[in-house]
Amino acid sequence: MTPTPSRPTHALHCHPATPPGLPFDVSVSAGWTAESLQLVYAIAGNIAALRVPAPTRPGPADGLWQHTCLEAFVSAKGEAAYREFNFSPSGQWAAYRFAGERVRDITTAPALPAPAMQLAVAPTLLTLDVHLPLAALPSSVPHLELALCAVIEELDGRLSYWALQHPCERPDFHHPAARSLRLALPQN
């Protein structure tokens with residue numbers, strides 16, 4: 001799994017109600033591979049000042065958003081239903097279905113397939129390369145709407161919330177207007 005330099009990179013913006021203690025730049029590149037949606041998250045700055053979850057056995061886990069976590073909210077264009085994906089630098093992940101804004105879909109639908117993730121950490125750059133299988137995404141329309149987001153935790157416990165856009169007075173990644181990136185599904 002390697003980043004594809006020709007893919008557009010989207011800057012995430014910190015919500016003004018949750019400023020970071022130190023300067024960081026957060027971005028995501030998004031594009032398709034033959035079998036997945038590839039999201040490459042990058043956090044640039046003093047990485048030693050971040051509380052980065054320690055590597056652990058990859059697998060599903062809840063509550064990842066309470067610490068440094070990279071996220072994607074995905075819906076079919078124009079639909080209220082959406083999916084939330086959380087990716088931790090630890091290797092853990094979460095996938096949820098929602099029938100509408102913050103209304104969990106608890107039907108007996110099969111579990112969403114696991115993403116493949118690869119973490120790289122250097123003193124001034126953390127990247128998480130995520131491959132989200134096409135089967136994890138809505139496929140009922142030709143276009144998806146995405147909210148690409150991040151929760152950044154500093155060593156002192158300060159949390160800052162980053163997104164392509166913040167439609168509300170408080171951070172709210174679930175808000176439909178946060179899904180501002182339009183992406184056409186690949187053609188078979």
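Not measured: the values here are computed from a predicted model. All values below were derived from every heavy atom in this structure, side-chain atoms included, with hydrogens, water molecules and symmetry-related copies excluded.
Here CD of E84 is found 13.0 Å from OG of S75. Values are rounded to the nearest 0.5 Å. Between atom NE2 of residue H131 and atom CE of residue M117 there is a gap of 11.5 Å, rounded to the nearest 0.5 Å. Between the CG atom in D62 and the CD atom in Q92 there is a gap of 10.0 Å [rounded to 0.5 Å].
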What do the steps show when you test N86 against Y96 for side-chain contact (heavy atoms from CB on, under 4.5 Å), and what is the final call?
CA-CA 9 Å; N86 300 163; Y96 307 100; 3.8 Å; yes

Evaluate the side-chain contact (heavy atoms from CB on, under 4.5 Å) criterion for residues C149 and F73: first the C-alpha distance (whole Å), next the side-chain angles of each, then the deciding distance (0.1 Å), finally the verdict.
CA-CA 8 Å; C149 321; F73 292 74; 4.0 Å; yes

Output, in order, the C-alpha distance, side-chain angles, deciding distance and verdict of salt bridge (charged side-chain N to carboxylate O under 4.0 Å, His left out) for R83 and D105.
CA-CA 10 Å; R83 296 173 187 181; D105 182 349; over 6 Å; no

Give the intermediate values and the outcome of side-chain contact (heavy atoms from CB on, under 4.5 Å) for residues H143 and L185.
CA-CA 6 Å; H143 291 87; L185 283 164; over 6 Å; no

Take F85 and L64 through the side-chain contact (heavy atoms from CB on, under 4.5 Å) test and state the conclusion after the steps.
CA-CA 10 Å; F85 301 95; L64 299 175; over 6 Å; no

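Within the 4.5 Å cutoff, side-chain heavy atoms of P138 are placed close to those of L144. Looking at V121 and I47, their side chains come closer than 4.5 Å, going by heavy atoms from C-beta outward. Taking 4.5 Å as the limit, some side-chain heavy atom of W93 sits within range of a side-chain heavy atom of P60. Using a 4.5 Å heavy-atom cutoff, the side chains of V40 and V130 are not in contact. Contact check for P8 versus S29: no side-chain heavy atoms found under the 4.5 Å cut-off. Side chains of I152 and L50 form a contact here, defined as non-hydrogen atoms less than 4.5 Å apart. Between D172 and R102, the closest side-chain pair of non-hydrogen atoms falls below 4.5 Å. The side-chain heavy atoms of V151 and L159, taken from C-beta on, include a pair separated by under 4.5 Å.
Hydrophobic clustering keeps W65 apart from L132 (ILVMFWY residues linked when any side-chain heavy atoms are closer than 4.5 Å, directly or through intermediates). Linking Ile, Leu, Val, Met, Phe, Trp and Tyr whenever their side-chain heavy atoms come within less than 4.5 Å leaves L37 and F98 in two separate clusters. Each of Y161 and V26 belongs to its own hydrophobic cluster when Ile, Leu, Val, Met, Phe, Trp and Tyr are linked at side-chain heavy-atom distances under 4.5 angstrom. Note: the hydrophobic cluster containing L22 also contains W162 (ILVMFWY, side chain heavy atoms under 4.5 Å, direct or indirect links). The hydrophobic clustering, which links ILVMFWY residues whose side-chain heavy atoms are closer than 4.5 Å, places L125 and L70 apart.
Side-chain atoms of S88 never come within 3.5 Å of backbone atoms of G91 as a donor-acceptor pair (strictly under, hydrogens ignored). Remark: the backbone N or O of A177 is paired with a side-chain donor or acceptor of Q165 at under 3.5 angstrom. Q38 places no side-chain N or O within donor-acceptor distance of the main-chain N or O of D129, the cut-off being under 3.5 Å. No side-chain donor-acceptor contact under 3.5 Å links R179 to the backbone of L146. Not a single donor-acceptor pair under 3.5 Å links the side chain of H10 to the backbone N or O of L181. The backbone N or O of E169 sits less than 3.5 Å from a side-chain atom of H15, completing a donor-acceptor pair. Here the side chain of R97 pairs no donor or acceptor atom with the backbone of A81 at under 3.5 angstrom.
More than 12 heavy atoms of other shown residues, nucleotides or ligands fall within 6.0 angstrom of atom CZ in R182. Taking a 6.0 Å sphere around CD of E35, one finds it holds 12 or fewer heavy atoms contributed by other residues, nucleotides or ligands. Atom CD of Q66 is surrounded by more than 12 heavy atoms from other residues, nucleotides or ligands within 6.0 Å.
Aromatic ring pairs are classed by plane angle as parallel below 30°, tilted from 30° to 60° and perpendicular above 60°; the pair H166 and F173 is tilted. Ring-plane geometry between H174 and Y82 is classed as perpendicular, the angle between the planes exceeding 60 degrees on a 0 to 90 degree scale with a lower cut at 30. Under the 30°/60° scheme for interplanar angles, the aromatic rings of F87 and Y41 are found to be tilted.
Here the shortest heavy-atom pairing between V74 and L137 reads CG1-CD2, 4.1 Å. Across every non-hydrogen atom of T68 and P89, the tightest pair is O-CD, 3.5 Å. Nearest heavy atoms, S160 versus P19: CB-C, 4.4 Å. Contact record, L134 with A34: CD1-O, 3.9 Å, taken as the closest heavy-atom pair. Listed here is the closest heavy atom pair of A184 and W32: O-NE1, 2.8 Å. Closest of all the heavy-atom pairs between A11 and L164 is O-CD2, 3.8 Å.
Inspection of the H67 and E153 side chains reveals an N or O donor paired with an N or O acceptor under 3.5 Å.
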